[in-house]
Amino acid sequence: MSPVIPIRAPRAPEIGILDLQGGIQEHLDHLERLGIDARKIKTADALSDVAGLILPGGESTCIARLLAIFGLDQVILREVRRGMKLWGTCAGTILVAKTLVGEPAHLGLIDITVERNGFGSQLDSFAAEAVIPKVSPDPIPLTFIRAPKITHAGPGVEILLQIDDYIAAAESSDVLVTVFHPELTPCLALHHYFACKCGLIPQETGGPVLDPSWKTTSWTRLARLP
Amino acid sequence: MDAKRYELNVQLAQMLKGGVIMDVTNVEQAKIGEEAGAVAVMALERVPADIRRDGGVARMSDPAMIAQIKQAVSIPVMAKARIGHFVEAQILEALKIDYIDESEVLTPADEECHIDKTRFAIPFVCGARNLGEALRRIAEGAAMIRTKGEAGTGNVVEAVRHMRTMNREIRQLAAMPVEEVTGFAKANGMPYELALKVKPLGRLPVVNFAAGGIATPADAALMMQLGCDGIFVGSGIFKSADPARRARAIVKATAYFNDPARVLEASMDLGEAMPGLEIASIPEEQRLAGRGW
C-alpha cells in the first residue's frame with residue numbers, strides 16, 4: 001500500500017458496517033430505523049467513500065485476522081486519514097485501541113488501553129443503565145457481553161462514560177468507542193450520535209432515544225433464509 | 001434463567017454469526033484455532049471421528065482439560081454434555097465456560113428427556129434435524145441451534161439434509177394461513193407458540209449454525225449459502241493433513257461465503273482433507289443424528 005496524502009476526500013452520506021464476522025444485521029437495523037443509508041462492507045472498494053464505518057461486536061481475533069489477510073486494515077487507516085469516522089462496539093473497541101493489555105494492538109487509532117474480556121465468562125455478561133450526558137439526557141440501556149474494559153484514556157480522548165474502575169465509552173475527533181452493545185437494545189441514541197459525528201444528521205436534531213417497536217428478534221428480518 | 005439472562009445468551013450467539021467454532025482436544029489445538037480466527041472453541045477429549053472409531057461410552061471431557069483450554073485462549077470456550085445429563089451441565093456451569101453443547105456426539109444419558117435448560121444461567125446450543133426438533137430444544141431453553149449433520153464422517157450430506165428440511169418447513173409455515181398452524185405444529189411436534197413466533201420471522205428466532213460433517217472451505221460456504229449463521233467444524237480440522245492452514249481457509253470461506261473467487265482462493269493447496277465416510281456404510285445404530293429426538 002503506497003503512502004497517501006491525508007486530504008479530505010468527498011464522502012458518500014452513508015455509514016458502512018464492516019461485514020466480516022459478528023453483529024452486522026443488528027447495527028444495520030438500527031441505522032435503518034434512523035433513516036440513515038447504510039451498507040455492509042466486505043471489500044476495500046466498498047469502504048473507500050463512506051462517511052463513517054462501524055466495527056461491530058464479534059470476536060476481535062477473527063475480525064483482526066480477516067482485516068489483515070485482505071489488507072482492509074490499511075484501507076481503514078487510509079480512509080480515517082481522509083476524514084472517515086469510526087465507531088467500534090465491543091470487539092470493535094479492541095480493534096481500534098492503541099494499546100491492548102498483554103498483546104500487540106491492531107489499528108491503533110485511538111489512545112486508549114483495553115483489556116480484552118475484562119469481566120469474565122458469559123456468566124458475567126450483564127445489562128445495566130446509565131446516563132451519557134453528551135449523548136442524551138435520558139438513561140441509556142447498556143448490554144455488556146463478554147465485554148472488554150477500557151482501563152486508560154490518553155490525551156485527546158474524551159471519556160463519555162466511566163463506570164466503577166473502567167471506561168465504557170469514549171471518543172476522539174475521529175473515533176467513537178463503546179464496550180457495550182447499543183445495537184442489542186432498543187436505544188438509538190448512540191447510532192444517532194455517531195451519525196452526527198459523521199456529519200449525516202445536524203447536531204441539534206435530538207433523535208428518539210428508545211424505539212418502542214424494536215424487538216430482540218428485529219435483526220432476523222435482515223438475516224432471512226435464502 | 002430469567003428472561004434477561006436468556007436474552008444475553010441468545011445475543012452472545014448473535015455475536016458469533018459468520019464465524020467458525022472449532023473442536024479442540026488440547027491447549028495447543030485451541031491456540032491454533034484461536035490464531036486461525038475461530039470465534040469459539042469446543043473443548044472435548046476426542047473429536048467425533050475418534051469417538052466413532054473407538055466406540056464405547058463417550059462422556060463429558062475431563063474438567064481439568066477444559067479449564068486449561070479456558071486459561072489458554074480469550075475466545076469463548078464451549079464444552080459438551082451428554083443429552084439429558086444435567087449434572088454434567090451443572091459441572092460445566094460451575095466451571096464457568098461460555099456455552100454448553102447438549103450433544104448427540106456423546107452417548108445419551110437419558111433416552112426420554114433432554115436437559116431442562118431453563119434452570120441454568122449458562123447458555124446451551126442443541127442439535128436439530130428439522131424445525132420441530134429445533135423448536136422443542138428452544139422450548140427447553142436452548143439459546144442457539146445447530147444442525148446435527150452426521151458428526152465425524154467428513155460427509156456434509158446430513159447437515160445439508162437437516163438445513164434444507166428446516167428451511168422447507170419454515171417456508172411452509174410462513175406461507176400458510178394461521179388456522180393451519182395448529183395442525184402443522186401437531187404433525188411436526190412443534191410447540192405451537194414457537195411455531196407462531198417463527199411464522200412472521202421466516203427463520204429461527206435464534207442463531208442457527210451448521211454442524212456435522214463439514215470438512216472443506218466449500219462445505220462451509222455451502223452451508224452458509226443455505227442460510228446457516230455460522231459453522232461448527234469438528235473432526236474436519238484436526239483430522240486433516242495441515243490443520244492450521246485448513247482452519248484459516250474455513251474461516252476465510254465462511255466470511256466470504258458468497259464470493260466464489262475468495263472461496264476458490266481459500267480452497268487452494270490445503271493438503272488432504274479428513275477421510276470421509278459414506279453414510280450408508282454406517283450401521284443405523286452407530287449413526288449419531290438419531291440420538292435425542
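Below, chains carry the letters A, B, ... as their sequence lines are ordered, and counting in each starts from 1. Treat the numbers as computed from the prediction; the structure is a model and nothing was measured.
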Problem set entry | Arg224(A) side chain to Arg203(B) backbone, donor-acceptor under 3.5 Å |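 No, because the side chain of Arg224(A) does not come within donor-acceptor range (under 3.5 Å) of the backbone of Arg203(B).
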Report the option among [options] that has the most heavy-atom pairs separated by less than 4.5 Å from atoms of chain B.
options	value
Ser60(A), Gly23(A), Pro56(A), Ala64(A)	Gly23(A)
Thr61(A), Leu184(A), Asn117(A)	Leu184(A)
Ser125(A), Gly57(A), Gly120(A)	Ser125(A)

For this session: Could you check if a side-chain atom of Gln11(B) sits within less than 4.5 angstrom of a side-chain atom of Thr143(A), using non-hydrogen atoms only?
Result: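 Gln11(B) vs Thr143(A): side chains touch.
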Exercise. Do the side chains of Val20(B) and Gln21(A) get nearer than 4.5 Å, heavy atoms only?
Worked result: no
Problem set entry | Full working for side chain to side chain contact (heavy atoms under 4.5 Å, CB included) between Cys62(A) and Val251(B) | CA-CA 8 Å; Cys62(A) 172; Val251(B) 168; 4.2 Å; yes
For this session: Show your working on side-chain hydrogen bond (donor to acceptor under 3.5 Å, both in side chains) between Lys17(B) and Gln25(A) and close with a plain yes or no.
Result: CA-CA 10 Å; Lys17(B) 291 200 304 285; Gln25(A) 295 94 348; 3.3 Å; yes
Contact origin within [X] toward chain B - heavy atom pairs under 4.5 Å:
X	result
Leu123(A)	both
Leu225(A)	both
Glu26(A)	side chain
Arg116(A)	side chain

Exercise. Chain A: which of Ser74(B), Gly230(B), Cys228(B) shares the most heavy-atom pairs with it under 4.5 Å?
Worked result: Ser74(B)
Seminar exercise, completed: Heaviest contributor of heavy-atom pairs below 4.5 Å to chain A, chosen from Lys4(B), Lys252(B), Glu34(B), is Lys252(B)
Side chain, backbone, both or neither of [X] within contact of chain A (heavy atoms, under 4.5 Å):
X	answer
Met224(B)	neither
Tyr256(B)	both
Gln225(B)	backbone
Ala38(B)	backbone
Asn9(B)	both
Pro200(B)	backbone
Leu226(B)	backbone

Problem set entry | Arg146(A) with Asp98(B): basic N within carboxylate O range, under 4.0 Å |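 Judged by the 4.0 Å cut-off on N to carboxylate O distance, Arg146(A) and Asp98(B) do form a salt bridge.
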Exercise. Looking only at heavy atoms, which two atoms of Glu7(B) and Thr216(A) are closest? And how far apart?
Worked result: CD-CG2, 3.3 Å
Exercise. Which atoms form the tightest heavy-atom contact between Pro76(B) and Glu59(A), and what is the distance?
Worked result: CD-OE2, 3.3 Å
Taking atom [atom1] of [X] as the centre, report whether more than 12 heavy atoms of other residues, nucleotides or ligands fall under 6.0 Å from it.
X	atom1	answer
Lys98(A)	NZ	no
Glu35(B)	CD	no
Glu129(A)	CD	yes
Phe86(B)	CZ	no

Exercise. Could you walk me through whether Arg248(B) and Ile69(A) pass the side chain to side chain contact (heavy atoms under 4.5 Å, CB included) check?
Worked result: CA-CA 10 Å; Arg248(B) 289 195 296 267; Ile69(A) 293 177; 5.7 Å; no
Exercise. Taking the six-membered ring of Phe70(A), is the NZ or CZ of Arg262(B) close enough (under 6.0 Å from the centre) and on axis enough (within 45°)?
Worked result: yes
Exercise. For Thr220(A), which of Val198(B), Leu201(B), Val206(B) qualifies under side-chain contact (heavy atoms from CB on, under 4.5 Å)?
Worked result: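 Output: one option passes, namely Leu201(B).
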Problem set entry | OG on Ser121(A) to CG on Leu95(B), rounded to 0.5 Å | 9.0 Å
